[in-house]
Amino acid sequence: MAEKKIQRLGILTGGGDCPGLNAVIRAVAKTAMNDYDASVIGIEDGFEGFVCGHMRELENRDVSGIVNLGGTILGTSNKGDPWHFPEEQADGKIGIVDASHHVVKNYKRWGLDALIAIGGDGTMNICSKLMGLGLNIVGVPKTIDNDLMATDYTFGFDTAVSVATEALDRLHTTASAHHRVMVTEVMGRYAGWIALTAGLAGGADIILIPEIPFSWESICRKVLERSTRGKRFSLVCVAEGAKCPDGGEVVKSFDVKRTDAKQLGGVGEFVARNITEKTELETRVTVLGHLLRGGSPTAFDRVLATKFGHLACKLAAEGQFGRMAALQGAEVVPVLIKDAIAKLKLVPPNHAMIVAARSLGTAFGDEA
Ligand code: F6P
């Protein structure tokens, strides 16, 4: 048993869910219970639950047998930013208020020595502000988008890419059978990591990502060129955040309760419609959406999540707050949360995957 510096450790999962969250919860809780004889307090539904005081002590049996389980046993929410908290007003309308003092109150009420926050850039930004109010926090990076700085990978990304790749493989055969242009829209928010990686793995002919502006002429030329060469089908993998030549990202809806009000979605349909109008080729669209976030994590994500959770608990126990577990090369190391949120990690246009894909004939819609 290590020297006992923490007695009560809070844990929450914030933002959109992703495969591997339960593997982190398990690793944090088991390390805390086994190595530090500490109690673990689960906070339900992310910061929304923290503001409202929805918390419960976790037992060993709560975290047993969940390494392979998708979702999160704690629940999560992307509408609980304590500084942007939706609250019903006297007139029945939803107002946005600062509820951060409730978080501090509940942290103290439950006698927490530290909080492990598992989340993406939104969660880490909130953590950084809560540390300013005196909370001891250690972060664990999660998001299928892989857009968090200071870590090579977030857990959840590998699973999302595997699901998208399998979908592309399946779409490939039906595209070829019917001589169609199949457009597949994947998540990723403002970063193109999922589209690029799955597109490369699934042999997409065209990959459209937010970081590379595309033109209709360029993508239409590519599909027509393929069809005159006898390749009468094409696979297009488009990131939901790809920017259309005649506008910005395609936004499905706005929700003021979210920190980022924009809900992206619909670019696949837009791309397909333009290809059909401009080339007369037949197109079909598949939006993978939340399929990329659901279900069991891959072995890679389970192992990464477990290493992250173990390190995060150790950092909390050692009083190394303000840090986040990160993957750098083959090592899981602590980094400063402030370095992780300095800016979004976007795909560099000269990334090795892009260079290789271009050499293989994959188009990005910017070719002259
Ligand atoms: O950040 C993860 C993510 O899945 C993004 O890729 C996507 O834009 C967003 O969350 C969708 O959020 P929601 O679950 O609110 O639809």
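In listed order, ligands and their atoms are each counted from 1.
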J.: Is Glu367 salt-bridged to Lys222, cutoff N-O under 4.0 Å?
T.: no
J.: Let me confirm one number: the CD1-CE distance from Ile43 to Met55, rounded to the nearest 0.5 Å.
T.: 4.0 Å
J.: Would you mind checking which non-hydrogen protein atom is closest to atom 8 (O) of ligand 1, with the distance to 0.1 Å?
T.: Glu240 OE2, 2.5 Å
J.: May I ask you to list the atoms of ligand 1 that are less than 4.0 angstrom from any heavy atom of Arg189?
T.: 6 (O), 8 (O)
J.: Among protein heavy atoms, which sits nearest to atom 9 (C) of ligand 1, and what does the distance come to when rounded to 0.1 Å?
T.: Arg293 NH1, 3.9 Å
J.: How many angstroms lie between atom CG of Leu171 and atom CZ of Arg284, to the nearest 0.5 angstrom?
T.: 12.0 Å
J.: Under the salt bridge (Lys or Arg N to Asp or Glu O under 4.0 Å) criterion, do Glu318 and Lys314 qualify, and how do the steps go?
T.: CA-CA 6 Å; Glu318 288 168 359; Lys314 199 161 164 278; 3.5 Å; yes
J.: Does Leu292 approach ligand 1 within less than 4.0 angstrom via side chain, backbone, both or neither, non-hydrogen atoms only?
T.: neither
J.: Atoms of ligand 1 less than 4.0 Å from Asn78 heavy atoms?
T.: 13 (P), 15 (O)
J.: Is any NZ, NE, NH1 or NH2 atom of the basic residue among Asp366 and Arg358 found under 4.0 Å from an Asp or Glu carboxylate oxygen of the other?
T.: yes
J.: What residue and heavy atom of the protein are closest to atom 6 (O) of ligand 1, and at what distance?
T.: Asp145 OD1, 2.7 Å
J.: Please determine, by modelled atom types, if His102 and Lys105 share a side-chain donor-acceptor pair under 3.5 angstrom.
T.: yes
J.: Relative to the heavy atoms of Ile144, which atoms of ligand 1 are at a distance of less than 4.0 Å?
T.: 4 (O)
J.: Working to the nearest 0.5 angstrom, can you tell me the gap between Ser39 OG and Leu9 CG?
T.: 9.5 Å
J.: Using non-hydrogen atoms of the residue, decide whether Leu264 is closer than 4.0 angstrom to ligand 1.
T.: no
J.: Among all protein heavy atoms in this structure, tell me which lies nearest to atom 15 (O) of ligand 1, with the distance rounded to 0.1 Å.
T.: Arg258 NH1, 2.6 Å
J.: I'd like to check which ligand 1 atoms, numbered from 1 as shown, lie under 4.0 Å from a non-hydrogen atom of His290.
T.: 13 (P), 14 (O), 16 (O)
J.: Return yes when Gly188 approaches ligand 1 closer than 4.0 angstrom through a heavy atom, no otherwise.
T.: yes
J.: Relative to the ring of Phe214, is the ring of Trp216 parallel (under 30°), tilted (30 to 60°) or perpendicular (over 60°)?
T.: perpendicular
